[in-house]
Amino acid sequence: MKITEDIVYIGVNDHEIDLFEGQYEVPNGMAYNSYVIIDEKVAVMDSVGGQFGSEWLGNLAAALDGRAPDYLVVQHVEPDHSANVERFMDSYPEAVIVASAKAFDMLRNLYGTDYAGRNLVVKEGDELSLGRHALKFIAAPMVHWPEVIMTYDALDKVVFTADAFGKFGALDVEEDDWACEARRYYFGIVGKFGKQVTAVLNKVAALEVSAICPLHGPMLTSELDYYLGLYKTWAAYEVESEGVAIAYCSVYGNTKEAALLLAAELEQAGCPKVAVSDLARDDMAEAVEDAFRYGSLVLISTTYNADMFPFMKVFIDHLADHAFQNRRVAFVENGSWAPNAAKVMKAKVETMKNIEIVEPTVTVRGALDDASRAQIKELTAALVG
Ligand code: FEO
């Protein structure tokens with residue numbers, strides 16, 4: 001697949017993976033993107049994950065039609081992109097790796113070699129001429145590892161963005177909505193590093209760009225303002241959509257009933273969107289994504305061992321780990337004899353940045369009754385008000 005006259009896609013689709021990065025469900029598989037820029041010199045942009053080396057090298061050979069690559073640009077050393085570097089270097093003994101100094105340290109740590117004598121260390125602003133094309137390197141630390149560089153080809157106005165602008169899903173599965181799986185990917189994988197993402201977005205904003213080529217997901221070749229705008233919102237932890245995310249844990253269904261009643265009341269009160277997640281059964285990464293997407297979050301948990309329910313602990317830890325901030329948060333607890341979940345949830349959430357607690361906190365004593373139903377109505381009014 002040609003991206004431009006001189007840039008060819010040589011990546012692979014993975015439908016065998018069960019959990020991406022050991023934790024993310026990927027029902028539509030995953031793509032490991034790689035590209036080759038064919039000029040007087042030939043540069044390959046990144047390798048691919050694990051067992052796809054033969055397919056990738058086959059794609060490369062088909063694109064090159066007998067030529068040998070001069071450079072392998074390693075933008076990111078995480079093994080979903082670097083696992084076949086060694087095979088590439090064995091196949092093309094004249095080739096040189098182009099990467100940041102940190103990337104070579106990481107290659108040595110992971111694979112036992114830093115390819116001394118076959119390495120070209122680059123940093124922010126360095127250029128590599130391929131002939132007509134000149135590659136300019138952009139440091140992108142923590143997007144999503146510290147060694148990451150992005151690469152700009154000014155001739156074709158293409159920016160290679162490493163993990164940024166990536167998404168879950170193989171490229172041979174059609175999906176209408178890029179944002180859904182790109183958002184889940186962003187907040188799960190890159191979300192903690194909003195400050196660093198903003199810094200690199202500012203550098204990209206200064207470039208003339210007609211295509212974004214990430215390491216996962218489709219190449220973005222039109223409506224770039226839409227994608228850049230979403231990334232700007234996400235990186236700044238701003239509210240993307242008006243609405244309320246509800247995350248609940250329920251043991252016998254009474255707490256679930258409270259969650260569903262609140263959702264129904266919110267919808268009836270005109271809330272534009274209510275996204276409900278059962279933390280024990282639904283995809284946790286989807287619940288995290290919804291928490292970051294909407295302006296308000298309601299945490300609903302049964303009391304368990306004088307604490308919150310275990311899945312809620314995991315969820316709140318995910319939020320804290322990903323720098324959750326700038327949101328309104330409300331609490332609903334259940335407890336048959338000593339309700340305490342709201343107190344412990346609140347104590348954790350209050351440590352996060354710029355959180356507005358929305359009152360009242362709702363207490364259910366075993367099952368919904370007139371008093372707790374009335375509190376849910378009051379909370380609904382506070383959330384939509
Ligand atoms: Fe796609 Fe951070 O690796």
Side-chain angles (χ1 to χ4, degrees), residues 9-35 44-53 55-56 72-86 88 97-100 102-107 109-111 137-151 159-171 173 175 178 181-197 199-201 204 212-220 227 231 234-235 285 288-289 318 321-323:
Y9 179 81
I10 54 167
V12 299
N13 290 312
D14 182 355
H15 289 288
E16 293 162 38
I17 188 166
D18 58 346
L19 292 175
F20 180 67
E21 290 192 359
Q23 58 174 316
Y24 298 104
E25 291 175 20
V26 281
N28 290 337
M30 202 64 203
Y32 311 122
N33 295 342
S34 172
Y35 310 87
V44 176
M45 304 301 297
D46 294 288
S47 93
V48 298
Q51 68 274 43
F52 298 95
E55 186 182 341
W56 172 61
L72 173 61
V73 180
V74 176
Q75 300 186 110
H76 183 18
V77 182
E78 194 161 8
D80 52 329
H81 310 294
S82 69
N84 286 289
V85 167
E86 192 170 358
F88 174 94
I97 296 183
V98 181
S100 66
K102 245 191 189 71
F104 284 110
D105 290 344
M106 289 180 172
L107 284 170
N109 293 343
L110 274 164
Y111 305 109
F137 300 104
I138 303 162
M142 303 320 295
V143 187
H144 109 265
W145 276 13
E147 85 292 5
V148 170
I149 52 170
M150 295 184 182
T151 307
V159 63
F160 298 90
T161 54
D163 275 343
F165 299 95
K167 69 182 273 299
F168 297 122
L171 298 189
V173 179
E175 283 172 359
W178 177 87
E181 284 295 68
R183 190 188 300 104
R184 188 168 70 95
Y185 176 92
Y186 177 85
F187 284 112
I189 291 169
V190 193
K192 179 183 174 68
F193 307 109
K195 208 170 146 188
Q196 290 87 342
V197 176
V200 84
L201 283 174
V204 171
I212 294 173
C213 290
L215 287 177
H216 304 287
M219 288 98 254
L220 308 174
Y227 301 109
Y231 250 64
W234 297 343
V288 169
E289 172 195 345
H318 276 303
D321 288 348
H322 293 85

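Numbers here are sequence positions counted from 1. Below, each value reflects all heavy atoms present in this structure, side chains not excepted, and no hydrogens, waters or symmetry copies. A quick note: this is a predicted structure, and the numbers were derived from the prediction, not measured. Atoms within a ligand are numbered from 1 in the order they appear, just like the ligands themselves.
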Between Tyr185 and Tyr24, is the gap from one ring center to the other below 6.0 Å?
no
Only N/O/S atoms count here: what is the atom of [X] closest to atom 2 (Fe) of ligand 1 called?
{"X": "His144", "value": "ND1"}
{"X": "Glu78", "value": "OE1"}
{"X": "His76", "value": "NE2"}

Taking every heavy atom of Glu175 against every heavy atom of Asn28, the minimum-distance pair comes out as OE2-ND2, 2.6 Å
When you draw lines from atom 1 (Fe) of ligand 1 to OD1 of Asp163 and to NE2 of His216, what angle lies between them, to the nearest 10°?
90°
Which residues share a salt bridge (charged side-chain N to carboxylate O under 4.0 Å, His left out) with Glu289, sequence neighbours left out:
Arg183
So, is Asp80 placed with an N/O/S atom under 2.8 Å from atom 2 (Fe) of ligand 1, counting both backbone and side chain?
no
Presence of N, O or S from His81 under 2.8 Å of atom 2 (Fe) of ligand 1:
no
Would you mind telling me which of His81, Lys167, Glu181 makes a side-chain hydrogen bond (donor to acceptor under 3.5 Å, both in side chains) with His216?
His81
Which label fits Tyr186 and Tyr231: parallel for a plane angle under 30°, tilted from 30 to 60°, or perpendicular past 60°?
perpendicular
